[in-house]
Protein chains: 4
Amino acid sequence: MTPSVPEGPGIVKNEYSFYIVDMPRVSEAHLEQRRQQILDAARACFIRKGFHETSMQDIFAEAGLSAGAVYRYFKSKTEIVESISSEAISMMGGALYEIVAEHPPPPPEEAMERLMAHMLENGESYLNSFTLAPQVWSLAMHDSGYRNNIANVLRPVHALWTTYAENLRDAGMLPPDSDPEAVSRTLLALVPGFMLQRVILGGISPETLRDGLYALRHSTAATDSSS
Amino acid sequence: MTPSVPEGPGIVKNEYSFYIVDMPRVSEAHLEQRRQQILDAARACFIRKGFHETSMQDIFAEAGLSAGAVYRYFKSKTEIVESISSEAISMMGGALYEIVAEHPPPPPEEAMERLMAHMLENGESYLNSFTLAPQVWSLAMHDSGYRNNIANVLRPVHALWTTYAENLRDAGMLPPDSDPEAVSRTLLALVPGFMLQRVILGGISPETLRDGLYALRHSTAATDSSS
Amino acid sequence: MTPSVPEGPGIVKNEYSFYIVDMPRVSEAHLEQRRQQILDAARACFIRKGFHETSMQDIFAEAGLSAGAVYRYFKSKTEIVESISSEAISMMGGALYEIVAEHPPPPPEEAMERLMAHMLENGESYLNSFTLAPQVWSLAMHDSGYRNNIANVLRPVHALWTTYAENLRDAGMLPPDSDPEAVSRTLLALVPGFMLQRVILGGISPETLRDGLYALRHSTAATDSSS
Amino acid sequence: MTPSVPEGPGIVKNEYSFYIVDMPRVSEAHLEQRRQQILDAARACFIRKGFHETSMQDIFAEAGLSAGAVYRYFKSKTEIVESISSEAISMMGGALYEIVAEHPPPPPEEAMERLMAHMLENGESYLNSFTLAPQVWSLAMHDSGYRNNIANVLRPVHALWTTYAENLRDAGMLPPDSDPEAVSRTLLALVPGFMLQRVILGGISPETLRDGLYALRHSTAATDSSS
DNA sequence: TATGAATGAGGTTTCATTCAT
DNA sequence: CATGAATGAAACCTCATTCAT
């Protein structure tokens, strides 16, 4: 008396009715898409108004979802902020890696120009990380969790710059007794300042940094003051 | 039944107490001192907890004043935040001016080292501007008032660096065709990155920047890529 | 493209899956078993956390069922609470009936001891009615439905005690002019106090009540104060 | 030029103006009265609707105060509930103490009758503790804080009953080998049952308990079953 | 029949600000 | 000028319930 029903993925037999469709009610992809929908909405709000000025209601409205729906995917506003933060601070590695890996290493002004250009492309048009980053830095000031978070993201970046500085020195492009760590720190230090000038003062572009670094690198040896 | 108290200028009667002396009209100096008392309290709170996590109640308590008293001197929390912000972003000019004014100009690595050392002294030990600055940057992202504020403070600083770069070039320490604007921007860009590394990553000091800049300035001319 | 599946009574087509077998119409027994599964889960939660602190989500999780499944069997949380409540307050009759039915009636201290012992067995180890009961009393304070519910359960119990008191009097174990109603009420009143002392104060057992009643029953006639 | 202003309590001199009135802006009594106003409102709500069904908004409305005002006096709803709870469970000691202290001790039925009458007077008309008590018991089931709270209130009451039982025995009104602890527990156990019957079943009064206890105390020695 | 994602009203609590005293 | 009690809008979050699949 059991009818021949096609059995396949998602069609299972159970003890009450004979066959029920056990397909996930919504696909895994749908869930992930919802998460993204929420994160996109949140990011848009955060870029527009900032973390603190954005209320959960703002996010609900922007996402077109109810409170409950959002809280199904993120258990607190903090969790959303952290997601966006992580995302914002982690978008830098790729380009740097490629630049660092080149042989011979590109000169610093070129490396920096290319990195800034990459950040502008992936930041201003898509992630607006230039607006988000300072907010994350700000959070990091009083929340050791965020601070560690950023530190963890920054350390590999720092390491890449150090490798780059070593390559530079090994290729004879830096004095043999120069400290790759100091060079790494100095180049790393340029990034936040570039971002802030871009947003607050304007009038700065990747080329500015390139030309500035180029000029500094070609100052005459006459005026030294190393340790 | 009203006691015979001399009534005269400054002596007023009110309904609660019988007489209060409304006379000496608290000195101008006293007013300013009260303002400072409030600002000191606010700054302490902001450094300890951040702008957003600090409630007005926190400030009242820290200042040992009532709500009404504080609101007599500042008409909103925003006004207090702005005061502290201005203060925090304006503490940089002095040392830079002295450095820039020297003839011949000190080499970049020395100029930067001395500036950072000055900021550490006046920042970390007294103002903790390293903690406040990122919060101000963060505010600036979404409040054009703050942004202009900072821009206005930054422009003279930028101008000083440009003057310095010109001096450098005129003294033959930079290529004659180099762009002082680009050099100025580049040196200015180092400051926020130094502050952030100091707080978040640690392991950076004025000497680090000095050594890094020194090494970069002594890279061989072999690897150029100017425009 | 529709697979050729026999269509017949109980085999229906729906829009999601193609065919589901709607046949055996899950047995009545199965339905009842599902109800029990849910009630068991709910009771466990209620004992663990209380009615109000238990969310429907808690019950879903404990039962291993979905929201929809639970709501198919109970149309609201209130209905579940009521089910558990009824169950909790109705578990007392059986033992009492047996005790009351005995001839000659056991003396009060023995009747009470046996009843308490019975409640402990069926309460503490299985139903934990000692924890549930006060919650039900609490609900009864502001919900006349619950109040009537309890009253309806309590009235037969009360009647049994009254019968018992009459038997006692008829057997010459109480003064001939004593009021069975008053005795019934008094004995009935001992139960909640026993439960609460057991949970809150500890140090009470069926024997305590037996000894206490025994002592009271053997006080000397010298000190009377009847109406 | 300093005017002769009456100095007295609350009139102080300070450095700005010469005299300011330092009277507490509102009197200590006013503060306490506000607390009572809130507690009265809360109690009314709790009696009317129960702890859980009463929202803070209900309390604000009943008290005629704003949210902020209430939260100035109580830092959470829990704190309010606890205040009312403590109050409700602690109103029982006085009358019992007086009864217990009498020499010779009144017979149990009289002691109990008088205590119940006292509770009715101070409970039903003023505190409605008959409605509140079961709610507190209910809370105690899952909150050890409440449980300890109640236990702490109950222990002295229990001790008083034990003293009473000892007095009873010493006065020859209980068998010399009877256990005062068991008698104490038994009499204590009657109270909750009386309260619940009063609210749920009705038809019980202090006299009921008196007559019931009287009858039990005059049962014939023929039917014993002590240990 | 079962699922669980989605809803949205409503909960408690905070906090910048005012104003009667 | 100073006080601090009071305000009340708005914040974050929960949870009983529904309904498309």
Side-chain angles (χ1 to χ4, degrees), chain A residues 14 16-17 19-26 30-31 34 52 54-60 65-78, chain B residues 14-17 20-22 24-26 30-31 34 54-60 65-73 75-78 80, chain C residues 12 14-17 20-22 24-26 30-31 34 54-60 65-73 75-78 80, chain D residues 14 16-17 20-26 30-31 34 52 54-60 65-78:
Chain A
N14 80 355
Y16 320 131
S17 62
Y19 293 92
I20 64 165
V21 177
D22 194 28
M23 283 302 216
R25 228 50 52 188
V26 303
H30 172 74
L31 261 47
R34 266 277 192 272
H52 283 287
T54 296
S55 73
M56 289 305 283
Q57 295 298 334
D58 291 334
I59 296 177
F60 306 153
L65 289 171
S66 66
V70 170
Y71 275 91
R72 168 170 293 278
Y73 294 90
F74 297 91
K75 73 169 187 288
S76 67
K77 182 181 179 180
T78 296
Chain B
N14 78 359
E15 54 198 312
Y16 321 129
S17 61
I20 65 166
V21 178
D22 195 25
R25 215 79 256 193
V26 304
H30 176 70
L31 257 49
R34 264 279 196 269
T54 296
S55 71
M56 288 302 282
Q57 303 295 335
D58 290 334
I59 297 177
F60 305 153
L65 289 172
S66 67
V70 170
Y71 271 87
R72 172 162 296 280
Y73 293 92
K75 75 169 190 290
S76 69
K77 182 181 179 182
T78 297
I80 296 179
Chain C
V12 298
N14 77 1
E15 51 198 317
Y16 321 129
S17 62
I20 65 166
V21 178
D22 194 27
R25 218 75 260 193
V26 305
H30 176 71
L31 258 47
R34 264 278 196 268
T54 296
S55 71
M56 289 302 282
Q57 303 296 333
D58 289 336
I59 296 177
F60 305 154
L65 289 172
S66 67
V70 170
Y71 271 87
R72 174 161 294 280
Y73 293 91
K75 75 170 190 289
S76 68
K77 181 180 179 182
T78 297
I80 296 179
Chain D
N14 80 355
Y16 320 130
S17 63
I20 64 165
V21 178
D22 195 28
M23 284 302 218
R25 227 52 49 187
V26 304
H30 173 74
L31 260 48
R34 267 279 190 271
H52 283 287
T54 296
S55 71
M56 287 305 284
Q57 295 297 334
D58 291 335
I59 296 177
F60 305 153
L65 289 172
S66 66
V70 170
Y71 274 89
R72 168 170 294 278
Y73 295 91
F74 297 91
K75 72 170 188 288
S76 67
K77 182 180 180 182
T78 296

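Order of the sequence lines sets the chain letters (A, B, ...), proteins ahead of strands, with each chain counted from 1.
Among the atoms of the strands shown, base atoms are found under 4.0 Å from some heavy atom of D:Phe60. Nucleic acid contact for A:Thr54: sugar-phosphate only, since backbone atoms but no base atoms lie under 4.0 Å from a heavy atom of the residue.
In this structure, OH of C:Tyr73 is placed 18 Å from C1' of F:dT17, rounded to the nearest angstrom. For the pair B:Gln57 CD and E:dT18 P, the computed distance is 14 Å after rounding to whole Å. In this structure, A:His30 places its NE2 atom 13 Å from P of E:dG4, rounding to the nearest Å. Rounded to a whole Å, the NZ atom of A:Lys77 is 14 Å from the C1' atom of E:dT14. One can place CD1 of C:Ile80 at 14 Å from C1' of F:dC15, the figure rounded to the nearest angstrom. The interatomic distance linking D:Met56 (CE) with F:dA9 (P) rounds to 17 Å, in whole Å. Note: NE2 (D:His52) to C1' (F:dT14) measures 15 Å, nearest angstrom. When the P atom of F:dA2 is taken as reference, atom CG of B:Leu65 falls 8 Å away, rounded to whole Å.
Mapping B:Lys75 and D:Ser55 onto DNA chain E by nearest heavy atom places D:Ser55 closer to the 5' end of the strand.
For B:Ala67, the listed nucleotide lying nearest its side chain is F:dA5; candidates were F:dC13, F:dT17, F:dA5. Of all nucleotides listed (F:dT7, F:dT17, F:dT14), F:dT7 comes nearest to the side chain of D:Ser66. In the set E:dA16, F:dT7, F:dC13, the nucleotide with an atom closest to the side chain of D:Ala69 is F:dT7.
Counting heavy atoms from C-beta outward, B:Tyr73 and B:Ile80 have side chains that stay 4.5 Å or more apart.
The side-chain contact (heavy atoms from CB on, under 4.5 Å) test applied to B:Tyr71 returns B:Met56, B:Phe60, not counting sequence neighbours.
Stem list for DNA chain F (at least 3 consecutive Watson-Crick or G-U pairs, distances under 3.5 Å): E:2-21 with F:2-21.
Look at A:Arg72 and you won't find any side-chain N or O under 4.0 angstrom from OP1 or OP2 of E:dA6. Proximity of B:Arg34 to the phosphate of F:dC1: no side-chain N or O atom is located under 4.0 Å from OP1 or OP2.
Considering every non-hydrogen atom in both B:Thr54 and B:Asp58, the closest pair reads CA-OD2, 3.6 Å.
The line from CZ of D:Arg72 to CZ of D:Arg34 is 11.0 Å long, rounded to the nearest 0.5 Å.
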